[in-house]
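Just below is one structure, and these are the notes that go with it.
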Amino acid sequence: MKIQLIGTGTIPDLTNSASVLINNHILFDIPNGNLKAMIRQNIDILKIDTLIISHTHADHCFDAPFLLWYKENYKKEGESLSTKIITDKITQNTVENLIDLSHFNSARKAKKQFIDAEKVNNIERICDDLQILNEPIEHEHQTIKYANGYIIKDKNISIGLTGDSIFCQGVKNIASKVNYLISDMTLEIGDKSHMGINNILELLKEYPKLKIIPIHMHDKTREKAKKLDIDNLMILQDGDILEL
Ligand SMILES: [Zn+2]
């Protein structure tokens, strides 16, 4: 499985906002600025056929119209490209509104198919090469009702993606089933919205074979985590590629 970290950071920091490309065609989260970040990383945008959006916060879905715009404008003549968008109903509504507000005809025209996150586990094949499973997690209770983590696996490897999450049972469920966990680690100490280094250390203690790749990190959190120098905590940079 090929993993490319498009963004490892969070809103006010120097790095790109969190987003991960899997096997060159499945994009997990599409924050503001994501399309340009992918262009800078020489990614073939036309190959992206599946978009998984963890939740409706702007730094996870606001570039969706630009991806659709790009595919519609740069596809070969006569080619029909469709994008599967796996997300919850609230985020679907946000994305549909964004497309409308963009006033780009090509974004409006681009072929897309929304797949309800709650139904993903009952669909045998969304992609030919990988299985995608949903695991609900908890994020900001007051503003966001729905947030979803995911497990993506092939014959040999399984990776978990928490999206933005507090340290909750959903995260532990994902961690117990995967080889690699690409996890929210925004903070030094986790709070009521995001996980921190302290939560990640707890997970590593509970699942000693697990390798954790943190994303959605504040710059300060990243620096602190690097200094800890823990084998199974892989502090990666924007653009890094892993062949697992
Ligand atoms: Zn969020």
Side-chain angles (χ1 to χ4, degrees), residues 5-22 26-35 37-38 51-67 85-99 101 114 116-118 120 132 134-152 159-175 181-200 203 212-222 225 236 238:
L5 295 160
I6 311 300
T8 56
T10 186
I11 300 171
D13 302 282
L14 293 172
T15 44
N16 297 328
S17 281
S19 171
V20 182
L21 183 66
I22 301 139
I26 301 173
L27 183 65
F28 177 74
D29 279 345
I30 183 154
N32 50 307
N34 189 250
L35 181 76
M38 289 196 289
L51 179 57
I52 303 173
I53 307 179
S54 60
H55 65 297
T56 196
H57 276 147
D59 59 323
H60 295 262
C61 68
F62 265 33
D63 248 22
F66 295 96
L67 176 75
I85 305 177
I86 302 170
T87 197
D88 59 78
K89 289 284 182 204
I90 290 174
T91 309
Q92 175 177 339
N93 191 40
T94 303
V95 169
E96 284 173 332
N97 283 334
L98 285 169
I99 291 166
L101 288 167
F114 283 98
D116 188 348
E118 284 181 14
V120 162
I132 301 174
N134 162 267
E135 183 76 49
I137 52 90
E138 296 173 48
H139 182 25
E140 278 184 352
H141 286 222
Q142 282 168 358
T143 60
I144 298 280
K145 213 170 169 189
Y146 300 100
N148 287 287
Y150 288 86
I151 293 172
I152 297 186
I159 64 155
L161 295 148
T162 67
D164 286 3
S165 182
I166 59 170
F167 191 48
C168 62
Q169 190 56 46
V171 166
K172 290 181 186 175
N173 293 345
I174 298 173
L181 182 68
I182 302 178
S183 176
D184 177 354
M185 192 180 79
T186 311
L187 306 162
E188 291 176 40
I189 305 291
D191 66 8
K192 286 181 181 165
S193 303
H194 292 283
M195 287 195 279
I197 297 174
N198 60 324
N199 305 132
I200 297 299
L203 277 179
I212 299 188
I213 301 164
I215 56 172
H216 210 274
M217 286 177 281
H218 278 309
D219 293 342
K220 266 187 173 176
T221 312
R222 182 192 304 267
L236 303 179
D238 292 358

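Atoms within each ligand, like the ligands themselves, are counted from 1 in listed order. Quick caveat: nothing in here was measured; it's all calculated off a predicted structure. By convention here, the first residue in the shown sequence is residue 1.
Residues meeting the side-chain hydrogen bond (donor to acceptor under 3.5 Å, both in side chains) test with T56, sequence neighbours left out: T94. Applying the side-chain hydrogen bond (donor to acceptor under 3.5 Å, both in side chains) criterion to E118, with sequence neighbours excluded, gives no partner residue. For N199, there are no side-chain hydrogen bond (donor to acceptor under 3.5 Å, both in side chains) partners at least two apart in sequence or on another chain.
No option in I215, L27, L35 other than L27 meets the side chain to side chain contact (heavy atoms under 4.5 Å, CB included) test with I6.
Excluding water, every protein N/O/S atom under 2.8 Å from the Zn ion (ligand 1) is given here by residue and atom: H55 NE2, H57 ND1, H139 NE2, D164 OD2.
Within the model, atoms NE2 of H216 and OG of S19 stand 11.0 Å from one another, a figure rounded to the nearest 0.5 Å.
F66 CZ: 12 or fewer foreign heavy atoms inside a 6.0 Å radius.
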